[in-house]
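First comes the structure, then the notes that go with it.
Throughout, residue positions are numbered sequentially from 1 according to the sequence presented.
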Amino acid sequence: MSKPLIIALDAMGGDLGPELVIPGADIAAERHPGIRFLLFGQKERIAPILAKHPRLAACAEIRHASVAIAMTDKPSQALRRGRYESSMWHAIEAVKTGQADAAVSAGNTGALMAMAKFVLRTVPGISRPAIAAIWPTLRSDSIVLDVGATIGADAMQLVEFALMGEAMARCLFGLERPTVGLLNIGVEEVKGVEQVKEAGRLLRDPNLPLEYVGFIEGDDIGKGTVDVVVTEGFTGNIALKTAEGTAKQLSTYLKIVLNRTWLSKLGALLASGAFEALKERMDPRKHNGGVFLGLNGIVVKSHGGTDSLGFATAIDVACEMARNGLVAKIAADVAVKNRLMGEGESLPSAVTA
């Protein structure tokens, strides 16, 4: 009989803390029979809420942690105040010590990344971790990374992101050889900054264990042109926030137009089924869960303002990453890169400037 998955939860993270985490974990417990949870946080807050969810209570254990990291804490402050004491720290540490297969938190992103790097360290050959987001597209879902962890990545780091994103796509989508594209201002080889052009040259190495298709542009993300979109964190975060804002803008426009006249209201009523299908497809709760890639352990970041269904989705992602051996896949792919290009070597300054 296989060992059950154990997921460590930062029960104090997010805008609502246990009021979000416990109901979300209860949904996940129904979706994943046999799963177990370690709930880290202030026991006096967690226990009364957990008592209202008997299904979760039967497969969960509360482990007291006195400190809750605030959403406004700077990463350095969080490390000083929360090291060895906070719910966030203990959830990550449970992964390091093998007590849990993955950790999930809806808490402060910067603090979570700082603690995760400090506790878990990076896989050999990975210079910096990345945050990967699941992106709904016209074709299916894609993975976009980095969306905020590394600002100003050099060419070799972009290669590492490509390898990590490809490994995640295999785990999450069940694809044998996901396609990978490098985000650029055009598909022509002469376009873009030197780091991106050099990364494109390196990714064309046929010995790398990935299916690189070349440069893609911003509109290719929504089209689903590739399974994995690679960029650095500054551009990736702007793209993510722009897409979220555009979706809200279009939704607002649509509501205004459909309520303008009695005829448009009638049309909205007749098309209600189509609108519901669209709402279902674009529901951000169903694409929640940013994966911290490149660490010696699995850490998933849930949106702090999501609801219980969204938090359950983040747990779903953590389960898939753990079941399908994300860290081992990344380590194996990066080992190939290390043999071809050198472990953790920077490119010459003339290239990366």
Are [X] and [Y] in one and the same hydrophobic cluster, where Ile, Leu, Val, Met, Phe, Trp and Tyr link if side-chain heavy atoms are under 4.5 Å apart?
| X | Y | value |
| --- | --- | --- |
| Phe161 | Ile238 | no |
| Ile35 | Val291 | yes |
| Ile7 | Ile134 | yes |
| Ile6 | Val104 | no |
| Val159 | Val193 | yes |

Tell me whether [X] contacts the main-chain N or O of [Y] through its side chain, where contact means a donor paired with an acceptor under 3.5 Å.
| X | Y | answer |
| --- | --- | --- |
| Asn324 | Leu326 | no |
| Thr306 | Ser302 | no |
| Glu232 | Gly152 | yes |
| Thr150 | Pro129 | yes |
| His53 | Asp26 | no |
| His303 | Gly305 | yes |
| Thr231 | Thr235 | no |
| Gln77 | Lys74 | yes |
| Lys301 | Phe292 | no |
| Thr246 | Thr242 | yes |

Would you compute the distance between atom [atom1] of [X] and atom [atom2] of [Y] and round it to the nearest 0.5 angstrom?
| X | Y | atom1 | atom2 | value |
| --- | --- | --- | --- | --- |
| Ile27 | Ser308 | CD1 | OG | 4.0 Å |
| Glu188 | Phe215 | CD | CZ | 10.0 Å |
| Arg121 | Leu295 | CZ | CG | 11.0 Å |
| Gln99 | Glu61 | CD | CD | 8.5 Å |
| Asp141 | Trp135 | CG | CH2 | 12.0 Å |
| Glu198 | Met156 | CD | CE | 8.5 Å |

For Asp220, check salt bridge (charged side-chain N to carboxylate O under 4.0 Å, His left out) against everything at least two apart and list the hits.
none
Excluding sequence neighbours, so at least two apart, what forms salt bridge (charged side-chain N to carboxylate O under 4.0 Å, His left out) with Glu93?
none
Could you check Asn296 against Thr122 for side chain to side chain contact (heavy atoms under 4.5 Å, CB included), going step by step and ending with a plain yes or no?
CA-CA 6 Å; Asn296 286 302; Thr122 55; 5.6 Å; no
Contact between [X] and [Y] at the side-chain level, heavy atoms closer than 4.5 Å - yes or no?
| X | Y | answer |
| --- | --- | --- |
| Val317 | Met321 | yes |
| Ile298 | Val327 | yes |
| Leu9 | Ile315 | yes |
| Val257 | Ser264 | no |
| Leu5 | Arg36 | no |
| Leu183 | Val230 | no |
| Leu163 | Pro209 | yes |
| Val196 | Leu158 | yes |

Taking all non-hydrogen atoms of both residues, which atom of [X] and which atom of [Y] are closest, and how far apart?
| X | Y | value |
| --- | --- | --- |
| Met115 | Ser86 | CE-OG, 3.7 Å |
| Gly310 | Asn288 | O-ND2, 2.8 Å |
| Val180 | Val226 | C-CG1, 4.1 Å |
| Pro178 | Val228 | CB-CG2, 4.5 Å |
| Ser87 | Asp10 | OG-OD1, 2.5 Å |
| Glu320 | Leu172 | CB-CD1, 4.1 Å |

Worked verdict on Phe118 versus Trp89 for ring pair (Phe, Tyr, Trp, His ring centres under 6.0 Å):
CA-CA 10 Å; Phe118 190 92; Trp89 176 280; 5.8 Å; yes
Show the numbers, then the answer: is there a side chain to side chain contact (heavy atoms under 4.5 Å, CB included) between Ile131 and Leu293?
CA-CA 6 Å; Ile131 303 176; Leu293 298 178; over 6 Å; no
Does a donor on one side chain and an acceptor on the other come within less than 3.5 Å for His32 and Asp316?
yes
No-hydrogen, no-angle side-chain donor-acceptor test under 3.5 Å, Ser142 and Asp227:
no
Carefully, step by step, assess Lys337 and Glu160 under the rule salt bridge (Lys or Arg N to Asp or Glu O under 4.0 Å).
CA-CA 8 Å; Lys337 184 272 295 182; Glu160 294 166 9; 3.5 Å; yes
Verdict with reasoning, Ile216 to Leu182, per side chain to side chain contact (heavy atoms under 4.5 Å, CB included)
CA-CA 6 Å; Ile216 62 168; Leu182 192 58; over 6 Å; no
Please lay out, stage by stage, how Lys197 and Arg201 fare under the test side chain to side chain contact (heavy atoms under 4.5 Å, CB included).
CA-CA 6 Å; Lys197 290 192 287 186; Arg201 185 188 67 79; over 6 Å; no
Check the pair Glu30 / Arg55 against salt bridge (Lys or Arg N to Asp or Glu O under 4.0 Å), numbers first and verdict last.
CA-CA 8 Å; Glu30 181 180 17; Arg55 175 177 52 207; 3.6 Å; yes
Are [X] and [Y] ion-paired here, with the side-chain N under 4.0 Å from a carboxylate O?
| X | Y | value |
| --- | --- | --- |
| Lys248 | Glu244 | no |
| Arg170 | Asp333 | yes |
| Arg204 | Glu189 | yes |

Dump the intermediate steps for salt bridge (Lys or Arg N to Asp or Glu O under 4.0 Å) on Asp219 and Lys223, then the final yes or no.
CA-CA 7 Å; Asp219 59 341; Lys223 291 177 184 176; 3.4 Å; yes
Phe234, CZ: over 12 other non-hydrogen atoms inside 6.0 angstrom
no
Evaluate the criterion salt bridge (Lys or Arg N to Asp or Glu O under 4.0 Å) for residue pair Glu19 and Arg45; output intermediate values, then yes/no.
CA-CA 9 Å; Glu19 289 80 4; Arg45 283 191 61 189; 3.1 Å; yes
Using salt bridge (Lys or Arg N to Asp or Glu O under 4.0 Å) as the criterion, point out the one residue from Lys3, Lys96, Arg323 that pairs with Asp101.
Lys3
